[in-house]
Structure formats: structure tokens, C-alpha cells
*Asks:* 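Structure below; questions to follow.
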Amino acid sequence: RKEVEQDPGPFNVPEGATVAFNCTYSNSASQSFFWYRQDCRKEPKLLMSVYSSGNEDGRFTAQLNRASQYISLLIRDSKLSDSATYLCVVNIGLASGTYKYIFGTGTRLKVLA
Amino acid sequence: DAGVIQSPRHEVTEMGQEVTLRCKPISGHNSLFWYRQTMMRGLELLIYFNNNVPIDDSGMPEDRFSAKMPNASFSTLKIQPSEPRDSAVYFCASSPPGTGDYGYTFGSGTRLTVV
């Protein structure tokens, strides 16, 4: 089983639609979580952190369910410019006192005019 | 801040040649990561440095790959000899001191093609 799993999509949605992505992780010791966005032929960029209480940034809402070990990203009123690949990221603490991030393979979103 | 700077942006080389990729992390960041991205395998962590010391190199594919971080502002990833299956985008990322709760910043990547 992969450490971080995402539905690869693609999700094709019309402009203005609401779309949600889920991501599951296997390591219960995971300590922090993120969503990254990656445009075609570009580097991944941090979209938002995911807090236990859930957090919202404009049209984007992220939630964490530790009991079920999944995180979600909700995009409301989707725009053409939201078309990208969304990467789920899990931060795992290591015995050495350091950490490492595990990236999912990403969910591709295409918003259609 | 100039962000994470990688060079070259593109590299085309012949099989068997040595390739060196370079990275300058954000000033003040003490963790540096090298990733490789392909369509088939997504983003794979190759090696991770903390305070210039390699912490986890379990993702380095084989002995043909080596990485160094001689100081806090510079790292290299070397492939010798290169093979066509090494063709990928190689990203460098850095993060500030802490427990990793603030996310990484990625460089623009080096697109490597080995023919």
C-alpha cells in the first residue's frame, strides 16, 4: 500500500462547479499535512496547510480526519485558472528527530469553460 | 528573496556522460531536498540534507547518483554515467528550521534528457 494515495483523475468540471479531492495516508504518526498545486511543466507550490480544525482560504477549504487518516480539499466556484494537478503531502517525523515529506502522485483537475 | 535557484534549467546529454545539477537553497533554510519527477512514478525523494549533512539517501537509485552539500548555500546532484532512464525533471527544495510544519519551497527544476 502506498504511503499517500490519491485518485489521479482527471476531474473535468465546468466553471463555477464545486469539486472535492480526497487523499488517504497510511502512517498514523504523520504530523502535518499540506496541499500543493503543480501547473504543467512547473514546480509544485504550496497551496495550503491542513489543520486538525480545518482551514479555509477563499474558495479553498482543507480538512483533516485523523481517525480515518484522510485529508480533503474542496474548491468552490471553480475557475479556469484552477486547472492544475493537486498534490497531497504528508509530513512524517523520523527517529533521527528530522522529518520527511511524502507526496501523493497528484489529482489532475481540468476546469472547462 | 530569490527563492530556490536551480541550474541548468534544461540539460540534454548523451548516455554515459556525467551530469551535474546545482541548487542554491533559500538563505536561512537548513533543510534541502532533491526530488525526481516522472510521469510514471510521480515525485520521488532522492536525498535529504539537514544542516549540510545527508539524513536520508534511501531514495538514491544506485551508485551512479551522488549528492553533496559542501555549505549551507549550495548543493549538487551528480549522475555518472548517465542513462536514458535517468531522463526526468529534477527538483531541489528547501525548508526553514523546525519540524517541517511550514512546507517546502521548490526550485524551478532541471529537465534532464539523456539520449
Side-chain angles (χ1 to χ4, degrees), chain A residues 2-10 21 23 25 27 29-53 55 57 60 62 64 71 73 84-108, chain B residues 2-7 9-10 21 23 25-26 29-60 88-113:
Chain A
K2 289 183 181 177
E3 290 188 88
V4 178
E5 293 204 63
Q6 294 183 251
D7 180 343
F21 310 133
C23 164
Y25 61 94
N27 190 326
S30 302
Q31 55 194 41
S32 52
F33 308 86
F34 310 91
W35 283 101
Y36 274 71
R37 170 191 168 130
Q38 186 172 25
D39 293 290
C40 188
R41 302 180 79 84
K42 298 282 190 179
E43 72 273 23
K45 291 185 178 177
L46 179 63
L47 178 66
M48 58 197 307
S49 302
V50 187
Y51 304 125
S52 297
S53 55
N55 48 306
D57 183 2
F60 297 82
L64 166 65
I71 69 173
L73 177 68
T85 297
Y86 291 84
L87 300 164
C88 170
V89 184
V90 172
N91 177 17
I92 298 173
L94 302 177
S96 58
T98 56
Y99 61 89
K100 69 176 181 181
Y101 287 8
I102 306 295
F103 282 76
T105 52
T107 298
R108 192 167 165 219
Chain B
V4 177
I5 299 172
Q6 289 187 248
S7 64
R9 290 295 302 273
H10 302 273
L21 312 182
C23 176
I26 291 174
H29 283 194
N30 70 337
S31 293
L32 183 141
F33 310 83
W34 282 101
Y35 281 86
R36 176 172 69 176
Q37 187 174 39
T38 60
M39 287 292 291
M40 293 297 294
R41 301 170 70 96
L43 264 171
E44 301 175 279
L45 177 64
L46 300 177
I47 188 168
Y48 159 26
F49 291 90
N50 183 259
N51 293 323
N52 312 338
V53 175
I55 300 299
D56 181 357
D57 65 354
S58 58
M60 295 286 264
V89 181
Y90 291 80
F91 288 108
C92 175
S94 70
S95 66
T99 54
D101 292 339
Y102 301 105
Y104 293 171
T105 301
F106 282 83
S108 300
T110 294
R111 186 170 295 273
L112 174 65
T113 304

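Within every chain, numbering begins at 1; the chains are lettered A, B, ... in the order of the sequence lines, protein sequences first and strands thereafter. Side chains are part of it too, since the values below use all heavy atoms of this structure and drop only hydrogens, waters and symmetry mates.
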*Asks:* What I want to check is whether the side chains of A:E43 and B:Q6 have a donor and an acceptor closer together than 3.5 Å.
*Replies:* no
*Asks:* In Å and rounded to the nearest 0.5 Å, what is the OH to CG distance from A:Y99 to B:D56?
*Replies:* 12.5 Å
*Asks:* Closest approach of A:S32 and B:G100, non-hydrogen atoms and distance?
*Replies:* OG-O, 3.7 Å
*Asks:* With chain A as the partner, which of B:S108, B:G98, B:S31, B:G109 has the greatest number of non-hydrogen pairs under 4.5 Å?
*Replies:* B:S108
*Asks:* At a heavy-atom separation under 4.5 Å, does B:E44 approach chain A through its side chain, its backbone, both, or neither?
*Replies:* neither
*Asks:* Tell me, side chain or backbone of A:F33 under 4.5 Å from chain B's heavy atoms, or both, or neither?
*Replies:* neither
*Asks:* More than 12 heavy atoms of other residues, nucleotides or ligands under 6.0 Å from OH of B:Y102: yes or no?
*Replies:* no
*Asks:* Answer with side chain, backbone, both or neither: which region of A:I102 has an atom nearer than 4.5 Å to a non-hydrogen atom of chain B?
*Replies:* neither
*Asks:* Roughly how far apart are A:K42 NZ and B:F91 CZ, rounded to 0.5 Å?
*Replies:* 10.5 Å
*Asks:* Report the option among A:N91, A:L87, A:T105, A:L46 that has the most heavy-atom pairs separated by less than 4.5 Å from atoms of chain B.
*Replies:* A:N91
*Asks:* Below 4.5 Å from any heavy atom of chain A, which atoms of B:Y48 appear? Answer side chain, backbone, both or neither.
*Replies:* side chain
*Asks:* What do you reckon, are the aromatic ring centroids of A:F34 and B:Y104 less than 6.0 Å apart?
*Replies:* no
*Asks:* Using non-hydrogen atoms and a 4.5 Å limit, figure out which bit of B:D101 sits close to chain A: side chain, backbone, both or neither.
*Replies:* both
*Asks:* Kindly check if the number of other-residue, nucleotide or ligand heavy atoms within 6.0 Å of CZ (A:R37) is above 12?
*Replies:* yes
*Asks:* How are the rings of B:F33 and A:Y101 set relative to one another: parallel (under 30°), tilted (30 to 60°) or perpendicular (over 60°)?
*Replies:* parallel
*Asks:* Between chain A and each of B:S95, B:G107, B:G103, count heavy-atom pairs under 4.5 Å; write down the option with the most.
*Replies:* B:G103
